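Bear in mind the structure is a predicted one, so any value in this text is a computation, not a measurement. In what follows, every chain begins at residue 1, and chains take the letters A, B, ... in the order their sequences are listed.
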Amino acid sequence: MTVMSYRDAVRGAIREAMQSDPRVFLMGEDVGHYGGCYAVSKGLLEEFGPERIRDTPLSESGFTGAGIGAAMGGLRPIVEIMTCNFSLLALDQIMNNAATIRHMSGGQFNVPVVIRMATGGGRQLGAQHSHSLEGWYAHIPGIRVLAPGTVADAGGMLAPALDDPDPVLIFENALLYNDTADVDWPASVDIDHAAVRREGTDISLITYGGSLGKTLAAADQLAAEGISAEVLDLRVLRPLDEDAILATVARTRRCVIVDEGWQSGSISAEIMARIIEKGFWYLDAPLARVCSKEVPIPYAHHLEEAALPSITGIVEACRAVLGR
Amino acid sequence: MTVMSYRDAVRGAIREAMQSDPRVFLMGEDVGHYGGCYAVSKGLLEEFGPERIRDTPLSESGFTGAGIGAAMGGLRPIVEIMTCNFSLLALDQIMNNAATIRHMSGGQFNVPVVIRMATGGGRQLGAQHSHSLEGWYAHIPGIRVLAPGTVADAGGMLAPALDDPDPVLIFENALLYNDTADVDWPASVDIDHAAVRREGTDISLITYGGSLGKTLAAADQLAAEGISAEVLDLRVLRPLDEDAILATVARTRRCVIVDEGWQSGSISAEIMARIIEKGFWYLDAPLARVCSKEVPIPYAHHLEEAALPSITGIVEACRAVLGR
Amino acid sequence: MTQASPKVWLDRQHCRELLHQMIRIRRFEEKCAELYTQEKIRGFLHLYIGEEAVAVGVMQALLPEDAIVATYREHGHALVRGVPAGSIMAEMYGKQEGCSRGRGGSMHLFDAARRFYGGNAIVGGGMPVATGLALADAMMARKQVTACFFGEGAAAEGEFHESMNLAALWRLPVLFVCENNLYAMGTALELSESQTDISAKAAAYNMQAEAVDGMNVVEVEAAARRAVAAIRETGAPYFLECRTYRFRAHSMYDPQLYRDKAEVERWTGRGPIKRFTEWALEAGEIRQADIDEIEKLVAEEVAGAVAFAEAGTFEPVADLARDVGAERRP
Amino acid sequence: MTQASPKVWLDRQHCRELLHQMIRIRRFEEKCAELYTQEKIRGFLHLYIGEEAVAVGVMQALLPEDAIVATYREHGHALVRGVPAGSIMAEMYGKQEGCSRGRGGSMHLFDAARRFYGGNAIVGGGMPVATGLALADAMMARKQVTACFFGEGAAAEGEFHESMNLAALWRLPVLFVCENNLYAMGTALELSESQTDISAKAAAYNMQAEAVDGMNVVEVEAAARRAVAAIRETGAPYFLECRTYRFRAHSMYDPQLYRDKAEVERWTGRGPIKRFTEWALEAGEIRQADIDEIEKLVAEEVAGAVAFAEAGTFEPVADLARDVGAERRP
Ligand SMILES: Cc1ncc(C[n+]2csc(CCOP(=O)(O)OP(=O)(O)O)c2C)c(N)n1
Ligand SMILES: Cc1ncc(C[n+]2csc(CCOP(=O)(O)OP(=O)(O)O)c2C)c(N)n1
Ligand SMILES: [Mg+2]
Ligand SMILES: [Mg+2]
């Protein structure tokens, strides 16, 4: 076991992938000389040189598309889009190329690219820098969407993502980079299944990524009130681990979903839909969700806090569902 | 009453807006000399000249952003993005500027722009030209999303959209342009409410836009089987008319949602979520939905048909929900 | 016949080859237009008629290990690259014997064996991908070239700008081929570019750039050979603007309100096949008998392609979700 | 003092004004840095220190009816434009007395009364908007100019390309001001552009373009006046590249691994305030007493701004959803 931060885990995973496979390289804005905007890639330029730790111009569509092309050309690129806020500029390449080329070419070509980006609010960065778009991206067929919520997942998801013959998007919540944990290293995780992070019997809390910590904290508070909450970390937002979702709801018969996306059209809606379609008869109460308020995320601390899911909000939603 | 096509209705609405308000102009690719890629704007260049029927270069982000700026500068631009498939290139401008500026500026600036685009599959145009993204766009706070499914709405939604002080996106399903109907003209509709297009008692079918026709046809078939289906046309995808959704479900206690978006994360999921959150106790059966299959839409006719919602698929989903 | 030489060798055999390829494209597409009106081919169909000299000329300079990225107007490129006419036709019929299993249609021809990377229907969308293919070549020290075709309309897109800069900045072996046919759908070049000299735009990225008469197959071939030789030597990208003209409508839906018949006639008068044939006959490089034989061969090939497509089968609907992702993951 | 003249009148009063404005920005931002370490200001904070001559010089040429679009590094632009220092500071405190009601923070200063359209934190994202503002002016035959500020890093973005082309193609009255400080975060210009002469890129759009020493406020002002006069006369856009340098970190998080101290020192040695002060003292245009008075005035203004921000109030949480859309629709 090794104590490391989420940031170190991502960096360690990149290093190991680059050491073990010469086809792997990292490209994105400021991954090299700056050391990564979140210091994730600090030191890697010195170790691997500017060809493989490749600083790009500010050209999200261009370099994401170049990553797609390089993947088709036999490399295993890790494209870093600084934050998901800027990924909108690359969406054409992601949806119209990365996600479609295998199907559209009748299976002749595949796109083994990994696209990493930071996501989430909570740092007073305002409306253009606080999006949580991972759940929204999970709408697109042809890509896999990962949301590591723990240090172990941050370190362990990259290798299987690089092994995946198809495009994988990894959303790293920027608030997690400083989290530390004692983890097995080298980390080895799967990228297919959700994980129960806490067992419980009264209610299921389904969440992922940046909201996992808040949800576990809410579960602690609920425990103090005598409510036993199970916490399911989705880990993979596309394809959803429907079995795990249905299994936890079957156990507890009640469910609250926590998700930092704007509420309407968030992935929490999709999870509700799956439960209703296949687990309707398990339910003893309506489902509920705790999402971001439907506003551009404001700068002022108190307003931003009010806009994002909170521990109190989760606890209250659970109480409401449980009728307490 | 006047018989006209959906195309004529959109054109008529543009003409009238331009005649009555000198601030209104149309810009987009091939709106002028070509006559509009769906012939919507045919003849308008001759009538209004190239300043106000403004052909743009292929620069979706540039001219959409210019529309946003022009709106802030006092004009009332109608920006036409040829199809929603290309709108991904303009998403940064839509989400980071149009949708946020009012809030982010503390209410000082607003963006009265109307952005129209064609949407939908069904014409064998393949994976890059068959997206149905209107439900996906409905996730974004700060914009209004309209989906005219009738000739009257196609003609009547533009004027209130132009009057709206905030950005309005209008998705015109390309398969509807040739539909004709006998409508009141000038059309006058609201852009806040859903509309019951057919009354019924056994089950509610909730849909919009390009799926409305299929859904009404399915309701006809169901009627022949003795099943009375109510059809609710959402019309406005953001903000959703939650009252109308809950009201129809309260009446019929059963519901199927029909939507051309890819199933996971589609707007049908959001509708299910709303019903569960606020109408759970109305329900006598699980909800169901008929969406597009989660594949890039293929070219071959039989595969494309299998990928999109079908009348048979809707009828079968209803039977299943009704346990018949 | 593909040759690695930087010079054009205009012997008889080569003249025949150039003419043969141009006529193949022409007749194949004339057939496509016919089949479209018969509703055998559906969706969007963009014909290359009038622009044949570009694909034929450029393709001469490429080797089998080079890669190609094209647009929705790519029948010509696919044919000259060696994608079998039958598999292209079957693709447009939506048959599983098509080069994309019927999933792509006219706008999305793919062929892994020929390193033909599509068939991209987003204007400008193939340019970053081509840049990335070349990046892979550069990083793996493979002396390959990626040829990237696009229309002059694409030059206004941000993806053009970003790709040009990346390719020039990183010195990637891309041959950018701008097929400047003066119109993007109905939008004339002067309505879409403040600088209508596209090769001048390219030069502003510090990229070697050149404009040629795209109606002259020999001139195109010569320029492409120079360009490809330069790319192979320096590893740096090269921009070739081929000035050409589309004789037909943009797609099958286009009433062509934006240009007058006289203009079209002026251009068809100097069509690439017509001009080359006249010159080659005059120069004694080919004889009428050669042309007749080519037409016969091509007619057979096209008929064969149609027969192949007609005989093709439809992929089972049960396979719809196949190839959204890999069947097996590690 | 804003003047409509195309010439710079370097009288004493004007020299004082230029110096005063530059010192205002400098001291205001030094205070911001201090308040950031005290956690009074949060989020991202990008300082303009070193680049003051650009905003001060350009703003001299603009009239109240002109519009401004800036970036996340826009304190200087807002201050010189007349947005009250207190309302800027209150904004960074997240108070409702802030120029964006505390919703925007440092990166999103807005002021409708001064036609200050933000404060945009997407690199390149303001450029299409500025183009559109100018389009409105052109279509409404208003003789106004929109000044659009952005860094050299933005020049690689597709939105730069599309905006430049649109503005030049449609002849829109935009003054594009590229603040070329040689770095985009940690990425040096030569790592981001194949053509590092940004004004040469601009010329490729057939746009009038010019590069000036952005550390010399008088040179910037003179160029801006020429540019604005040309725009007002012709209606066409103009590109001004101001070569400058950021003395501080990119934002408060940046350890500046990508450049060495010696380079920074070389540039601070020819800082815009230092150079202008030395020249003006030498030329007898100002005296030490003027400087002392300016510093005193500025210190009072900054202290007043802090006091205003401190005394400000927080918007009620109940108002969170206000201004997502209009309160009343027709
Ligand atoms: C991003 C994008 N915008 C719009 C379209 C619709 N469209 C298809 S082809 C075309 C014109 C392209 O012109 P050009 O690049 O000159 O190529 P050409 O068709 O003349 O060969 C347009 C506008 C598209 N496919 N992609
Ligand atoms: C589209 C986009 N990509 C990335 C970023 C992150 N980012 C913020 S500032 C910056 C550097 C911009 O450099 P430049 O344009 O030269 O302006 P400067 O900061 O030097 O004034 C980057 C990469 C962003 N805000 N927007
Ligand atoms: Mg063209
Ligand atoms: Mg810079």
If you define the side chain from C-beta out and look only at heavy atoms, does anything of Ser106(C) sit under 4.5 Å from Phe44(C)?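 The answer is no, as the side chains (C-beta and beyond) never meet within the 4.5 Å cut-off.
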Is the [X]-[Y] ring centre distance short of 6.0 angstrom?
X: Phe176(C); Y: Tyr238(C); answer: no
X: Tyr137(A); Y: Phe171(A); answer: yes
X: Tyr72(C); Y: His46(C); answer: yes
X: His129(A); Y: Phe86(A); answer: yes

Residue [X] versus chain A: region with a heavy atom under 4.5 Å:
X: Leu169(C); result: side chain
X: Asp111(C); result: both
X: Met127(C); result: neither

When you check the side-chain N and O atoms of [X] and [Y], is any donor under 3.5 Å from an acceptor?
X: Thr119(A); Y: Glu134(A); value: yes
X: His250(C); Y: Arg73(C); value: yes
X: Glu47(A); Y: Gln19(A); value: yes
X: Glu179(C); Y: Tyr48(C); value: yes

Among Gln96(C), His108(C), Arg322(C), which residue has the highest count of heavy-atom pairs closer than 4.5 Å to chain A?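 Ranked by heavy-atom pairs under 4.5 Å with chain A, first place is His108(C).
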Using the side-chain contact (heavy atoms from CB on, under 4.5 Å) criterion, which residues pair with Ala311(C)? Sequence neighbours excluded.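 Applying side-chain contact (heavy atoms from CB on, under 4.5 Å) to Ala311(C) gives none.
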Would Lys95(C) and Phe314(C) count as a cation-pi pair here, with the cationic atom under 6.0 angstrom from the ring centre and within 45° of the axis? yes
Do any of residues 323-330 of chain C have a heavy atom less than 4.5 Å from a heavy atom of chain A, and if so, which, in residue order?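 From residues 323-330 of chain C, the residues near chain A are Asp323(C), Val324(C), Gly325(C), Ala326(C), Arg328(C), Arg329(C), Pro330(C).
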Chain A neighbours within residues 154-167 of chain C, where any heavy atom lies under 4.5 Å away: Glu159(C), Glu162(C), Asn165(C), Leu166(C)
Those residues of residues 22-37 of chain A, ordered by number, that approach chain C below 4.5 Å (heavy atom to heavy atom):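 Only Phe25(A), Met27(A) of residues 22-37 of chain A have a heavy atom under 4.5 Å from chain C.
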